[in-house]
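Right, one structure below, let's go through it.
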Number of protein chains: 4
Amino acid sequence: MLVPMKSPGRRKTTRRKPRQRRARQTVEAILDAVVRILKRERFDTITTNHIAEVAGVSIGSLYQYFPDKRAIFVALHGRHIEEIDRRIQRTLVENASSSLEGLLRAMIDAMIDAHAGDPALYHLLSTEVPHRADGTMDFAVRLHGVFRLAIAARPGELKKGRNLDALAFVAANMVESLSHAALSQRPATLSLADKKKEILRAVLSYLHS
Amino acid sequence: MLVPMKSPGRRKTTRRKPRQRRARQTVEAILDAVVRILKRERFDTITTNHIAEVAGVSIGSLYQYFPDKRAIFVALHGRHIEEIDRRIQRTLVENASSSLEGLLRAMIDAMIDAHAGDPALYHLLSTEVPHRADGTMDFAVRLHGVFRLAIAARPGELKKGRNLDALAFVAANMVESLSHAALSQRPATLSLADKKKEILRAVLSYLHS
Amino acid sequence: MLVPMKSPGRRKTTRRKPRQRRARQTVEAILDAVVRILKRERFDTITTNHIAEVAGVSIGSLYQYFPDKRAIFVALHGRHIEEIDRRIQRTLVENASSSLEGLLRAMIDAMIDAHAGDPALYHLLSTEVPHRADGTMDFAVRLHGVFRLAIAARPGELKKGRNLDALAFVAANMVESLSHAALSQRPATLSLADKKKEILRAVLSYLHS
Amino acid sequence: MLVPMKSPGRRKTTRRKPRQRRARQTVEAILDAVVRILKRERFDTITTNHIAEVAGVSIGSLYQYFPDKRAIFVALHGRHIEEIDRRIQRTLVENASSSLEGLLRAMIDAMIDAHAGDPALYHLLSTEVPHRADGTMDFAVRLHGVFRLAIAARPGELKKGRNLDALAFVAANMVESLSHAALSQRPATLSLADKKKEILRAVLSYLHS
DNA sequence: CATGAATGAGTGTTCATTCAT
DNA sequence: AATGAATGAACACTCATTCAT
């Protein structure tokens, strides 16, 4: 969860039980296998047996960790969203006393860096893997909340009379979609750094308008 | 197609051959059926037989118009994109001599109005129906082209030294994603009209920055 | 149904629709295939695909007629029981005015002749095919009813004071199980005719006791 | 084994090795578990893992005592038949000098009492658990032998000229199936004692006829 | 001997697609 | 063209069985 997480505290037990560590590894291997396959095949040609094979686990083990095929894709979306959430959360906290510009710059960096490991993954997930009711969309809502908080905490930097919801709605959407676009879209004339600068400029000029 | 279409000229033959009209109707019925089903079921539970049944045609007829199941979903995406393309194209032409603000306002109206008939459809298509290589994504590229043209044609309204690609990239993405967000996202405090105003404000303040 | 069937009237339409005739044939082919397989394999090694293959129909067609594997075995039991029911019913009616001895002789003949076509089938069904709640056992109850009727209609042939339920219970069970035993059990010294004679003697000496 | 067992002598070692006692207990626990499950589930939904769980042993242990799934059911049938066999055998010996009526009464009692502990078990085993070639059916043959012996040993109580095989065949089958019927069939008007009396009457009137 | 995680062959079943009518 | 019964390839998933611990 993004906003309501008060204490970012680490788990006390750094060492989990080997059983759990093993399970985690298997789940990760399966999700990674799905990503690998998704890059070659269309969604509807993916089979659970193929996933298991590529993941290097038996089909029986796969079903030990996932109740059915759908659950694998739900988990894949979940893993991605949680990763982004975590970064956004951290950025928000770490920039609690930064200026709006500093926070936004960090936010845009976070969004883009979060995808840098596999720039194609986001596009793959959003276009190839059905996810209507998998809680995916709620990400936008949570981001809206984060921006609401961030903006509300810096009243001095805004003109009077601006609607907080409108500002958060527009700014959150800008950061999210422009960051994604920066990664998956071409304008080859622009470097990633250039795009980041432009996104920041766009959000700031809106918030200050 | 969006940009490269020079003459928007109407087809000369207003009356098509009954054969073709019938075919068009059947195709439409099938695509409408898919939409209807998509609102109730998940993508992977949809069957061609069910589509045919809901469309009121025989499964044999369905295969008369679509070579295989995938083609149905490709056509569904195609129909949607073409509809938007058509509107954007028309808006661009109709506002050839408008100010940047006028054009942008019209563009935002077009994007939003295009989805007004079925506000959930876009979200459904983009989240539930796999479409990696269906030419869907190219829409963003085409929109970039449109904005490039539109901005380049109005040099007086911009500050000197701004990079045309950057401006088009950011502006096109803002209009597209904020319009979609305006339809499918909540901030219940904001009316659609409010959102339109904010989107316009955001794009303009960026372009003028 | 055995007892409660008042009018034995034939279906008016001697000629069914070809669709129905075809369906009936397919169902019969499938059930016959199961019997054929059962004679070679154990119950739990039978597969639906094998059944379909032996029946000469596609697995898809098989599932057009049976919702799942179990339904095939339920139908197999059903077919057998209905066949016996029909014969018992007919015998009862045809011997409405016979003496008790005549009726019993006919009943025993009916039971045994009903299995003559495939003497091993009954044993196969009762030992190899699970059928707890398939209405199979109700056969004994129905037979009890038939015997109750038959005995009650012939009070002159019994000693006074005999309990009708007791007589029907014992007689019905004797006819059913001795008939089955006559077919599936060896005493090779005895011909089937001898066994029939002994069964009749046993039932009569009990009823007259 | 029923007939060929000459000396019923007890095992000399009352105390078995703990290893064997433990093994016996585990086997019993497993068979009991199967019975318990059979009362709730259909045969084909029973799994070895479920059996092990209900029996309170690990699946590995289960396979220590049974080579495969089928063996469990074979053993279950075996346990039941041996129990009946033992009783019949004892009854035969204990009534070596009884009259035919006394022996038959004891035999019927033995058959019925043997099932009194779990009246539903016999029906369950015979209808739900496939057992074609598990030696189950041989029970009827063995019982025939027992009756042959019993009747042959009491020539004075029969009419001259009666065929010994016929008498044994009919009598053995009557006792077996009527006893089973007495337990699992309704005629609620009849008490179990009444049924016993009627069964005895039926067998005697036949043998004396 | 006991355990139970892991295996993977095998099964029931579905559903895209065909084609005789 | 239209139909929809029939097909059978292919898949999700189970569960009997093994074996490392």
Side-chain angles (χ1 to χ4, degrees), chain A residues 18-20 22-23 26 44-53 55-73, chain B residues 18-20 22-23 26 44-53 55-73, chain C residues 18-20 22-23 26 44-53 55-73, chain D residues 18-20 22-23 26 44-53 55-73:
Chain A
R19 193 67 54 75
Q20 283 184 32
R22 185 71 132 62
T26 304
D44 59 305
T45 68
I46 298 179
T47 71
T48 51
N49 281 288
H50 192 199
I51 292 171
E53 190 188 11
V57 303
S58 71
I59 181 66
S61 289
L62 184 150
Y63 275 93
Q64 200 127 37
Y65 296 106
F66 296 96
D68 57 27
K69 191 186 185 184
R70 239 196 108 237
I72 300 171
F73 294 100
Chain B
R19 194 68 56 78
Q20 282 185 33
R22 184 72 133 63
T26 304
D44 59 307
T45 69
I46 298 181
T47 70
T48 50
N49 282 285
H50 192 198
I51 293 171
E53 190 191 11
V57 304
S58 71
I59 181 64
S61 289
L62 185 150
Y63 275 90
Q64 195 94 35
Y65 295 106
F66 296 96
D68 58 28
K69 192 187 186 184
R70 242 196 104 239
I72 300 171
F73 294 100
Chain C
R19 192 68 54 75
Q20 282 184 32
R22 185 72 134 60
T26 303
D44 58 306
T45 69
I46 298 179
T47 71
T48 50
N49 281 286
H50 192 199
I51 293 172
E53 189 189 11
V57 303
S58 72
I59 181 65
S61 289
L62 184 149
Y63 275 91
Q64 198 126 40
Y65 294 108
F66 296 97
D68 57 27
K69 192 186 186 185
R70 239 196 107 239
I72 300 172
F73 293 100
Chain D
R19 192 70 56 77
Q20 281 185 34
R22 184 71 134 60
T26 303
D44 58 307
T45 69
I46 298 179
T47 71
T48 50
N49 282 286
H50 191 199
I51 293 171
E53 189 191 11
V57 304
S58 72
I59 182 64
S61 290
L62 185 150
Y63 275 90
Q64 195 93 37
Y65 295 107
F66 296 96
D68 58 27
K69 191 186 186 185
R70 243 195 103 238
I72 301 172
F73 294 100

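Throughout, protein chains are lettered first and strands after them, A, B, ... in sequence-line order, and every chain is numbered starting at 1.
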Mark up nucleotides 11-21 of chain F, 5' to 3', with B wherever a protein heavy atom is under 4.0 angstrom from a base atom, S wherever such an atom reaches only the sugar-phosphate, and - elsewhere. SBBBSBBB---
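Look at C/R22 and you won't find any side-chain N or O under 4.0 angstrom from OP1 or OP2 of F/dA5. Close to F/dG8, at under 4.0 Å from its OP1 or OP2, lies no side-chain N or O of C/S58. Residue B/Y65 places at least one side-chain N or O closer than 4.0 Å to OP1 or OP2 of F/dA2.
Taking the ring-ring contact (aromatic ring centres under 6.0 Å, His included) definition, one finds that D/F66 meets it with nothing, sequence neighbours left out. With sequence neighbours excluded, no residue forms a ring-ring contact (aromatic ring centres under 6.0 Å, His included) with D/Y65. Remark: A/D44 pairs with A/R42 by the salt bridge (charged side-chain N to carboxylate O under 4.0 Å, His left out) rule, at least two apart or across chains. Taking D/S61 as the reference, D/S58 meet the side chain to side chain donor-acceptor pair (under 3.5 Å) condition, with sequence neighbours excluded. Under the rule for a ring-ring contact (aromatic ring centres under 6.0 Å, His included), the partners of A/F73 that lie at least two apart in sequence or sit in another chain are A/F43.
Listed by first residue number, the stems of DNA chain F with at least three Watson-Crick or G-U pairs below 3.5 Å are E:2-21 with F:2-21.
Taking atom CG on D/L62 and atom P on E/dA5, their separation rounds to 16 Å, with Å as the unit.
Of the possible donor and acceptor atoms, one in the side chain of D/D68 sits under 3.5 Å from a partner among the backbone N and O of D/A71.
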